[in-house]
Colleague: 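There's a structure below that I have some questions on.
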Amino acid sequence: MELDTVLWSRLVTGLTLGFHVIFATLGVGVPLMIAIAEFIGIRKKDNHYILMAKRWSRGFVISVAVGVVTGTAISLQLALVWPNFMKLAGNVIALPLFMEVFAFFFEAVFLGIYLYTWDRFKNPYIHWLLTIPVVAGAGMSAVFITTVNGFMNQPEGFVMEAGQFIAVNPVQAMLNTATFSKVFHVLSSAYLTGAALLAGIAALAMLRKGVSAYHKKGLNLMMAVVLVFSLLNSLAGDVSAKFLAEHQPEKLAAAEWHFETESGADLILLGWLNAEHEIIGALHLPKLLSFLAFGDFNAEVSGLNEFPPDEHPPLLVHYLFDLMAGIGFALLAISSLYFLLVFWKKRNQFNQWMLRLVALSAPLAFLAVEMGWFYAEVGRQPWIIRGYMRVEEAATTSPSVRILFFVFLLLYIVLGVICALVLRRLFNNNPAEVEMEKWLKAKQDQSEDKGGHA
């Protein structure tokens with residue numbers, strides 16, 4: 001029964017995190033895109049970019065609303081599904097959890113002010129300045145919650161005595177060794193995914209309705225952001241790999257099916273394992289694992305067989321790692337190809353094939369985020385707090401956790417359907433071109449009214 005409840009506890013948390021990460025990523029990534037669009041619109045005196053910021057902020061509010069529900073569900077599940085984890089680590093992670101909530105409310109207050117003050121300032125830069133606390137609050141929410149995950153991977157800032165964490169230094173726990181690499185990767189991937197989503201929406205609109213000035217400008221802008229953050233995300237991946245090689249070598253070894261310690265280790269792509277754990281049908285890139293791990297083609301990389309078998313992560317993380325990294329490089333390639341066509345005057349970056357690739361990049365970006373988080377969590381197994389508490393020790397023993405799984409599954413289906421319907425109604429029934437005409441007419445009427453009163 002106890003092992004059964006551990007499995008159900010994992011399923012409940014995996015379901016919630018898998019759903020929540022979609023909206024959490026949007027919550028971090030989209031505000032920066034709104035700020036960039038509005039700033040460019042003000043600088044260029046171009047209403048198309050201002051309209052982008054307006055429309056994106058409306059969609060963003062819907063994602064925030066769903067994210068609040070799923071984030072609250074995670075907080076509840078920590079106490080209900082992982083009571084022993086909270087009993088042991090609650091006094092360590094309380095500060096970042098509180099700061100994450102504070103950052104969210106900070107963001108929400110300024111988001112509300114931002115939404116209700118359009119066209120209310122004579123100087124448009126004053127309204128744009130309101131995006132800064134929104135972007136900062138969203139980013140800090142991600143930072144604080146990521147420090148909790150970092151602590152679970154690299155627990156620091158306490159003394160273990162009689163099975164309890166004492167002499168807790170919550171700041172040191174937050175600023176653990178894993179924090180920098182994890183925060184860098186989370187933020188860069190969120191901004192990349194936010195830009196890829198908005199670029200994909202513009203590309204899809206152009207495929208369905210033809211090229212328009214609004215969507216052309218939006219696509220060019222977002223693809224530039226995708227290119228920048230694809231490069232930064234690749235760097236973040238490199239930093240993360242070097243962190244794993246030094247601090248969690250078993251996790252990197254499992255991801256690369258690297259079983260024996262050796263110098264000049266190959267990077268393994270795809271393939272499968274037979275019953276003897278022999279790798280079949282894989283692509284071997286000579287010495288690249290050593291370079292990825294330590295920046296040296298001849299460096300020694302620890303093999304998985306160096307660690308106790310009961311501490312080996314599941315070997316399926318190899319596919320999660322490959323898919324995450326492969327999509328990251330695909331997004332870099334798509335954005336690079338796009339700008340190659342931009343600068344190659346004889347070619348058109350708005351051709352059907354390029355637009356299809358850009359549209360495809362949006363779901364791929366979200367898939368990479370999902371695979372990255374599943375790799376981070378599954379790759380930490382069997383630990384919930386690495387080296388201190390195993391997952392089966394932390395999980396609830398209540399059989400009611402099974403019912404909880406189906407309750408949350410129903411909740412997320414309802415939320416997902418409602419979110420999709422609201423967004424569809426919000427934008428499909430109000431095309432950008434029509435909204436632009438209405439907005440400009442309203443501004444003109446307002447200007448004429450002021451002139452008449454004068």
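We number each residue from 1, following the sequence as shown.
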Colleague: If a pair satisfies ring-ring contact (aromatic ring centres under 6.0 Å, His included) and one of its residues is in residues 52-76, list it, with sequence neighbours excluded.
Modeller: none
Colleague: Can any side-chain N or O of His284 pair as donor or acceptor with the backbone N or O of Ile268 at less than 3.5 Å?
Modeller: no
Colleague: Please list, chain by chain and in numerical order, all residues satisfying side-chain contact (heavy atoms from CB on, under 4.5 Å) with Glu260, sequence neighbours excluded.
Modeller: Asn305
Colleague: Taking the side chain from Thr193 and the backbone from Ala190, do they hold a donor-acceptor pair closer than 3.5 Å?
Modeller: no
Colleague: Measure from the side-chain N and O atoms of Ser361 to the backbone N and O of Leu331, and report whether any donor-acceptor pair falls under 3.5 Å.
Modeller: no
Colleague: For the ring pair Tyr125 and Phe121, is the centre-to-centre distance below 6.0 Å?
Modeller: no
Colleague: Is any side-chain heavy atom of Phe291 less than 4.5 Å from a side-chain heavy atom of Asp238?
Modeller: no
Colleague: Can you check whether Gly264's main-chain N or O pairs, donor with acceptor, with Ser290's side chain at less than 3.5 Å?
Modeller: yes
Colleague: Would Trp272 and Tyr319 satisfy ring-ring contact (aromatic ring centres under 6.0 Å, His included), going step by step from the backbone distance to the final call?
Modeller: CA-CA 9 Å; Trp272 65 92; Tyr319 298 112; 9.6 Å; no
Colleague: Would you say Trp257's side chain and Leu315's backbone share a donor-acceptor pair under 3.5 angstrom?
Modeller: yes
Colleague: Determine, for Trp383 and Arg386, whether the Lys NZ or Arg CZ falls below 6.0 Å from the six-membered ring centre while staying within 45 degrees of the axis.
Modeller: no
Colleague: Taking the side chain as every heavy atom from C-beta outward, state whether His312 and Lys251 have any atom pair closer than 4.5 Å.
Modeller: no
Colleague: Given 3.5 Å as the limit, does a donor-acceptor pair link the side chain of Ser188 with the main chain of His185, or not?
Modeller: yes
Colleague: Tell me which pairs pass side chain to side chain donor-acceptor pair (under 3.5 Å) where either residue lies in residues 31-40, with sequence neighbours left out.
Modeller: Glu38-Tyr114, Glu38-His127
Colleague: Keeping Glu246 on the side-chain end and Lys242 on the backbone end, is there a donor-acceptor pair under 3.5 Å?
Modeller: no
Colleague: side-chain contact (heavy atoms from CB on, under 4.5 Å) with Leu270: which residues, sequence neighbours excluded?
Modeller: Asp322
Colleague: Between Asn153 (side chain only) and Asn149 (backbone N and O only), is there a donor and an acceptor less than 3.5 Å apart?
Modeller: yes
Colleague: Going by the rule side-chain contact (heavy atoms from CB on, under 4.5 Å), which residues pair with Leu227 if we only count those two or more places apart in sequence or in a different chain?
Modeller: Leu332, Ser335, Ser336, Phe339
Colleague: Report the residues that fulfil side-chain contact (heavy atoms from CB on, under 4.5 Å) with Glu262, sequence neighbours left out, ordered by chain and then residue number.
Modeller: His258, Ala265
